[in-house]
Peer 1: 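My questions all concern the structure below.
Hydrogens, waters and symmetry mates are skipped; everything else that's a heavy atom, side chains included, is used. All residue numbers in this chain count up from 1 along the given sequence.
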Amino acid sequence: MKVLVSGYLGHMGKIISEMVRSDSDLELVAGVDKGVAGEQSEPVFSTFAEVNVNLDIIVDFSHHSLTNDLIAFALEKNIPLVIATTGQTEEEKKAIIDASKEIPIFFAANYSIGIAVLIDEAKNIAKRFKDADIEIVETHHNRKIDAPSGTALAIAEGLKEVREDANIVKGRNGIAKREKNDIGVNSIRLGNVVGIHEVLISTKHECISIKHEAYDRGLFAEGAIRAIKFMNGKPAGLYNMKNLLG
């Protein structure tokens with residue numbers, strides 16, 4: 001498969017590019033990085049409008065503000081997308097959903113296989129402890145600008161599948177009693193933490209804690225590589241880690 005990396009010169013763009021180069025099933029043919037153009041290991045274009053190479057798929061590790069340009073190009077060329085950016089606005093999320101009716105799009109808040117497993121296990125526990133309180137705590141490096149993390153919100157939305165009346169509370173402040181159906185999402189920003197997500201499910205007498213800690217951002221690129229290969233030959237539609245893991 002011929003791959004274009006959007007966000008080619010960013011930290012994650014460099015990691016995913018190297019993994020694509022070293023994979024015998026994939027070929028890195030170009031990159032797109034805003035404001036930068038020229039020849040690196042592959043041709044790099046500053047905008048999608050300048051791209052003039054043949055592609056089979058685009059993997060995006062850029063910034064959510066480029067969502068509309070990314071989608072417009074993919075729709076014009078009828079090219080599948082693997083979107084690995086986070087922080088999309090509701091308008092941008094709607095654009096992704098609408099575009100998936102015409103092209104295949106893989107869209108996940110987190111490309112860690114471990115996070116996908118955590119969500120499944122947390123849902124199983126929540127189903128067995130129907131009256132338990134649920135809280136989510138996420139920790140990231142001090143440079144992360146969105147809070148809560150997209151991953152924490154994805155965990156909360158997953159739990160809502162088994163707690164349909166749940167109310168997601170993003171950060172607690174002021175004077176107010178915790179409501180029974182709350183799923184609290186709490187954010188910590190410090191140091192150079194790659195990502196820690198913990199789900200606490202507690203009754204009056206016991207607490208079950210499930211925790212995932214990322215040691216290296218390369219794990220997200222590994223998940224994206226699996227997503228790229230998964231999308232080969234897929235029809236139009238919106239795909240995620242749940243589809244990937246079956």
Side-chain angles (χ1 to χ4, degrees), residues 1-17 19-21 23 26-111 144-146 149-151 153-154 157 220-221 223-244:
M1 298 176 70
K2 297 181 184 297
V3 181
L4 179 145
V5 173
S6 173
Y8 176 90
L9 296 177
H11 181 70
M12 286 304 304
K14 292 176 181 176
I15 294 174
I16 188 71
S17 294
M19 287 190 178
V20 171
R21 291 188 195 104
D23 194 305
L26 305 175
E27 179 186 359
L28 183 58
V29 295
V32 169
D33 207 287
K34 187 177 181 181
V36 179
E39 193 74 25
Q40 306 286 326
S41 299
E42 297 79 24
V44 182
F45 304 95
S46 61
T47 67
F48 287 103
E50 299 170 7
V51 175
N52 59 4
V53 296
N54 293 325
L55 306 173
D56 294 316
I57 195 164
I58 300 169
V59 58
D60 176 47
F61 272 103
S62 60
H63 189 271
H64 72 86
S65 61
L66 300 177
T67 297
N68 290 332
D69 291 343
L70 172 71
I71 288 175
F73 177 78
L75 286 171
E76 178 187 355
K77 303 296 184 180
N78 194 32
I79 298 172
L81 291 174
V82 173
I83 300 177
T85 54
T86 61
Q88 283 85 2
T89 66
E90 291 305 313
E91 181 182 354
E92 289 163 350
K93 289 178 182 177
K94 183 179 184 301
I96 292 169
I97 292 170
D98 290 344
S100 71
K101 298 171 185 176
E102 300 181 48
I103 58 174
I105 298 179
F106 196 107
F107 180 45
N110 189 302
Y111 280 74
K144 187 172 178 62
I145 60 175
D146 57 313
S149 69
T151 300
L153 294 175
E157 291 295 340
F220 307 124
I225 291 291
R226 290 185 62 171
I228 290 169
K229 294 181 179 181
F230 171 82
M231 292 295 278
N232 189 18
K234 289 290 187 295
L238 191 62
Y239 302 88
N240 56 33
M241 295 301 286
K242 186 175 181 179
N243 302 120
L244 178 61

Peer 1: So how far is it from Thr86 OG1 to His63 NE2, rounded to the nearest 0.5 Å?
Peer 2: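 These two atoms lie 8.5 Å from each other.
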
Peer 1: CD1 of Ile225 to CD1 of Ile16: how many Å apart, nearest 0.5 Å?
Peer 2: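 So the CD1 of Ile225 and the CD1 of Ile16 are separated by 3.5 Å.
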
Peer 1: With rounding to the nearest 0.5 Å, note down the distance linking CG in Asp60 to OG1 in Thr67.
Peer 2: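 OG1 of Thr67 is found 7.0 Å from CG of Asp60.
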
Peer 1: Could you pull out the closest heavy-atom pair between Ala108 and Met241, with the gap in Å?
Peer 2: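 Looks like CB-CG, 3.8 Å.
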
Peer 1: Is there side-chain contact between Ile103 and Ile79, with heavy atoms separated by less than 4.5 Å?
Peer 2: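 A side-chain contact is absent here, since even the closest heavy-atom pair is not under 4.5 Å.
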
Peer 1: Where is the tightest heavy-atom contact between Ala109 and Gly150, given as atom of each residue plus distance?
Peer 2: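 Closest approach of Ala109 to Gly150: CB-O, 3.3 Å.
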
Peer 1: For a quick test of reading the model, state the closest non-hydrogen atom pair linking Lys229 to Asp23 and the distance between them.
Peer 2: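 Where Lys229 meets Asp23 most closely, the heavy atoms are NZ-OD2, 2.7 Å.
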
Peer 1: Using the rule given for side-chain contact (heavy atoms from CB on, under 4.5 Å), can you reason through Thr47 versus Asp69, listing the C-alpha separation, both sets of side-chain angles and the distance that settles it, and then say yes or no?
Peer 2: CA-CA 8 Å; Thr47 67; Asp69 291 343; over 6 Å; no

Peer 1: Do Phe230 and Val82 have side-chain heavy atoms sitting under 4.5 Å apart?
Peer 2: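 No, side chains not in contact.
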
Peer 1: State the CE-CG distance between Met19 and Leu26, to the nearest 0.5 angstrom.
Peer 2: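 Reported value, rounded in 0.5 Å steps: 12.0 Å.
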
Peer 1: Evaluate the side-chain proximity of Phe73 to Val32: yes if any heavy-atom separation is below 4.5 Å, no if none is.
Peer 2: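 A side-chain contact under 4.5 Å is absent here.
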
Peer 1: Between Lys77 and Leu55, is a side-chain contact (heavy atoms from CB on, under 4.5 Å) present by the stated rule, with each step listed?
Peer 2: CA-CA 9 Å; Lys77 303 296 184 180; Leu55 306 173; over 6 Å; no

Peer 1: Determine the sole option in Asp56, Asn243, Leu81, Ile57 for which the side-chain contact (heavy atoms from CB on, under 4.5 Å) test with Met231 is passed.
Peer 2: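 Single pass found, and it is Ile57.
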
Peer 1: Verify the neighbour count for atom NZ of Lys242: are there more than 12 heavy atoms of other residues, nucleotides or ligands below 6.0 Å?
Peer 2: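 Not buried by this count: 12 neighbours or fewer within 6.0 Å.
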
Peer 1: Is there side-chain contact between Ile83 and Ile105, with heavy atoms separated by less than 4.5 Å?
Peer 2: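 Result yes, sub-4.5 Å side-chain heavy-atom pair found.
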
Peer 1: Between Asn54 and Val29, is any pair of side-chain heavy atoms under 4.5 Å apart?
Peer 2: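 No, every pair of side-chain atoms sits at 4.5 Å or beyond.
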
Peer 1: Distance check, rounded to the nearest 0.5 Å: Arg21 atom CZ versus Leu28 atom CG?
Peer 2: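 Atom-to-atom, Arg21:CZ and Leu28:CG are 5.5 Å apart.
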
Peer 1: Can you check side-chain contact (heavy atoms from CB on, under 4.5 Å) on Leu238 and Ile97, steps first, answer last?
Peer 2: CA-CA 7 Å; Leu238 191 62; Ile97 292 170; 4.1 Å; yes

Peer 1: Do Ser149 and Lys144 come within less than 4.5 Å of each other through their side chains, counting heavy atoms only?
Peer 2: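 Side chain of Ser149 against side chain of Lys144, heavy atoms only: contact under 4.5 Å found.
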
Peer 1: Closer than 3.5 angstrom, by distance alone: can the side chain of Asn110 be matched with the main-chain N or O of Thr151 as a donor-acceptor pair?
Peer 2: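 Between the backbone of Thr151 and the side chain of Asn110 there is no qualifying donor-acceptor contact (under 3.5 Å).
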
Peer 1: For residues Ile15 and Ala221, report the shortest heavy-atom separation together with the two atoms involved.
Peer 2: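 Smallest heavy-atom distance, with atoms named: CG2-CB, 3.6 Å.
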
Peer 1: Parallel, tilted or perpendicular, judged at 30° and 60°: which one describes the rings of Tyr111 and Phe106?
Peer 2: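 Ring orientation, 0 to 90° scale: tilted.
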
Peer 1: Could you walk me through whether Leu70 and Phe48 pass side-chain contact (heavy atoms from CB on, under 4.5 Å), step by step?
Peer 2: CA-CA 7 Å; Leu70 172 71; Phe48 287 103; 3.5 Å; yes

Peer 1: Rounded to the nearest 0.5 Å, what separates atom CG in Leu66 from atom CD in Glu92?
Peer 2: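 Here the interatomic distance stands at 9.0 Å.
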
Peer 1: Check the pair Glu91 / Lys94 against salt bridge (Lys or Arg N to Asp or Glu O under 4.0 Å), numbers first and verdict last.
Peer 2: CA-CA 5 Å; Glu91 181 182 354; Lys94 183 179 184 301; over 6 Å; no

Peer 1: Can you give me the closest heavy-atom contact between Tyr239 and Ala236, atom names plus distance?
Peer 2: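 So the two residues come closest at OH-O, 4.1 Å.
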
Peer 1: Which heavy atom of Gly13 sits nearest to which heavy atom of Phe61, and what is that distance?
Peer 2: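 Between these two residues, the closest heavy atoms are N-CB, 4.3 Å.
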
Peer 1: With distance as the sole test, does Ser17 use its side chain to make a donor-acceptor pair with the main-chain N or O of Lys14 at under 3.5 Å?
Peer 2: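 No, because the side chain of Ser17 does not come within donor-acceptor range (under 3.5 Å) of the backbone of Lys14.
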
Peer 1: Taking C-beta and beyond as the side chain, do Phe107 and Gln88 meet within less than 4.5 Å on heavy atoms?
Peer 2: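 Of all side-chain heavy-atom pairs linking Gln88 with Phe107, at least one is under 4.5 Å.
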
